[in-house]
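Here's the structure, in structure tokens; my notes come after.
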There are 2 protein chains.
Amino acid sequence: MSLPHALLGLLAVGPNTGYELAKYFEGDLGRYAWQAGHTSVYPELNRMAGSGLIEVTALGPRGAKTYSVTDAGRTELRRWMMAPPADAKVRNEHVLRMFLISALPREDALSLLDRMAESTDESAAELRKVRAEHPDGAPMHGAEGFGQLAAEFGVRQYEAVRDWARWAADRLRAEG
Amino acid sequence: MSLPHALLGLLAVGPNTGYELAKYFEGDLGRYAWQAGHTSVYPELNRMAGSGLIEVTALGPRGAKTYSVTDAGRTELRRWMMAPPADAKVRNEHVLRMFLISALPREDALSLLDRMAESTDESAAELRKVRAEHPDGAPMHGAEGFGQLAAEFGVRQYEAVRDWARWAADRLRAEG
DNA sequence: GCCTCACATGTCAATACTGACATGTCGCTA
DNA sequence: TAGCGACATGTCAGTATTGACATGTGAGGC
């Protein structure tokens, strides 16, 4: 169960409403790290508030509830971050498809690898542009840090996949 | 639902028993791409056999059932591989922890980044050794292909994370 | 021959997650 | 001032997944 820890992490940077928290999961956080819909987020927030990890610290318009992390929550977040469980959960459909390339007929495998290389190259370029908007000396800590770490990670991730796909395609072609 | 596609992919390379299929998920496949226990695998195999994607083609000792992919299964696998759904599911506890680094106090963040850089460097070195055991000209297709693609992907993945962690630690220290 | 371990498959209750549905509010613009 | 779209939270049924439990077999060592 990483969802509560994801929420704890987001709240550790600053108070947020459930709505805003749910939105994070539609961005880079959900794309690279952990996806969740608002239908998981709201019940989880209520559970966490019940167990004292977070608390409602403000009420806004439209019934908005602003949550903040409690001391207990901060302790739990730190514990989880510093001592990762050995059996970390990993599920990634993109990576799965990469692993299964060998199961395809040669021609399909090659065309898929080429497409992967191309699309990850484009994604990397796009992200690099986004990243460029942030000043190079921007603080790495707190709210802005998220975006910068994520963007940099994303760029490197895409580039690694692109290079891997090119390598695999070359190898496969060399066998031809 | 990617589990059936993962199984389809494994079976597309060659017939396997449920037990052997379940074991794949304890290795690199489960570590990087898609994790699943035998308690998901067996019922899923029965479901897939029911819907005609796979079939039992041999019975072995100890009640072992060897499954093979059917034409329908191969078609479905190809469809899924070549036309990825836009909303690919991604869940990765390791990546989540990277994203949340900014939420930690500076000292914790630095020590965690350092540890991440170190452990991914070690993992990369280990995998590189495993990869070296395979002859460089080994076929990229079929059963052996899995291992090679996976190993190469793993190495690049670990190195990318290591480099990212070093970059992040440097940036954070520079802010000092 | 016995013992142990890996092989091999399964059920079932509890938990987690998704997608469809439901409800209402505030701010802006035409 | 009416209407629209984003804001904001939620339930619930159906599905997926996990962890605990259950059961039995074949091979190899002693």
Side-chain angles (χ1 to χ4, degrees), chain A residues 1-8 10-11 15-27 29-31 33-51 53-67 85-93 96, chain B residues 1-8 10-11 15-27 29-31 33-51 53-67 85-93 96:
Chain A
M1 275 190 326
S2 300
L3 179 56
H5 293 109
L7 294 169
L8 234 32
L10 294 173
L11 288 174
N16 267 122
T17 65
Y19 185 80
E20 288 168 318
L21 291 168
K23 286 212 123 186
Y24 277 115
F25 290 94
E26 288 167 21
L29 182 67
R31 187 151 39 249
W34 201 267
Q35 49 126 28
H38 79 274
T39 55
S40 316
V41 171
Y42 289 127
E44 187 60 48
L45 287 171
N46 283 323
R47 237 172 288 151
M48 291 166 74
S51 67
L53 295 171
I54 59 174
E55 58 188 349
V56 177
T57 48
L59 297 170
R62 281 170 282 213
K65 292 191 259 180
T66 298
Y67 291 93
D87 60 324
K89 307 229 175 305
V90 172
R91 280 198 168 153
N92 190 318
E93 259 178 36
L96 177 58
Chain B
M1 273 192 329
S2 300
L3 179 56
H5 294 109
L7 294 168
L8 235 31
L10 293 172
L11 288 174
N16 266 123
T17 64
Y19 185 81
E20 289 168 316
L21 291 168
K23 285 212 122 184
Y24 277 115
F25 290 94
E26 288 167 23
L29 182 68
R31 187 150 39 250
W34 201 267
Q35 49 124 30
H38 80 276
T39 55
S40 316
V41 171
Y42 289 127
E44 187 60 47
L45 287 171
N46 283 323
R47 236 172 289 152
M48 291 166 74
S51 66
L53 294 172
I54 60 173
E55 57 187 350
V56 177
T57 47
L59 295 170
R62 280 170 283 214
K65 292 191 260 180
T66 297
Y67 291 93
D87 60 324
K89 307 228 176 307
V90 172
R91 278 195 170 157
N92 190 317
E93 259 178 37
L96 177 57

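Convention: sequence-line order gives letters A, B, ...; per-chain numbering from 1.
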Side chains of B:Leu10 and B:Phe25, heavy atoms from C-beta outward: is any pair under 4.5 Å?
yes
Take atom CG of A:Leu59 and atom C1' of D:dC7, then tell me their distance rounded to the nearest Å.
16 Å
Summary of protein contacts for nucleotides 8-18 of chain C, nucleotide by nucleotide, where a base hit scores B, a sugar-phosphate-only hit scores S (4.0 Å, heavy atoms):
BBBB----SSB
side-chain hydrogen bond (donor to acceptor under 3.5 Å, both in side chains) against A:Arg62, all qualifying residues, sequence neighbours excluded
none
Out of curiosity, A:Thr17 OG1 to A:Lys65 NZ, how far, rounded to the nearest 0.5 Å?
11.0 Å
D:dA8 C1' sits how many Å from A:Leu45 CG, rounded?
12 Å
B:Glu93: side-chain hydrogen bond (donor to acceptor under 3.5 Å, both in side chains) partners, not counting sequence neighbours:
A:Ser2
Taking only N/O atoms, report every protein-nucleotides 2-4 of chain C pair under 3.5 Å with atom names and distance.
none

Using side-chain hydrogen bond (donor to acceptor under 3.5 Å, both in side chains) as the criterion, list what pairs up with B:Glu55, not counting sequence neighbours.
none
Whole Å only: how far is the CZ atom of B:Phe25 from the P atom of D:dT17?
10 Å
Is any side-chain heavy atom of A:Leu45 closer than 4.5 Å to a side-chain heavy atom of A:Leu21?
yes
Is B:Glu44 salt-bridged to B:Arg47, cutoff N-O under 4.0 Å?
yes
Partners of B:Arg31 by side-chain contact (heavy atoms from CB on, under 4.5 Å), sequence neighbours excluded?
B:Asp28, B:Tyr158
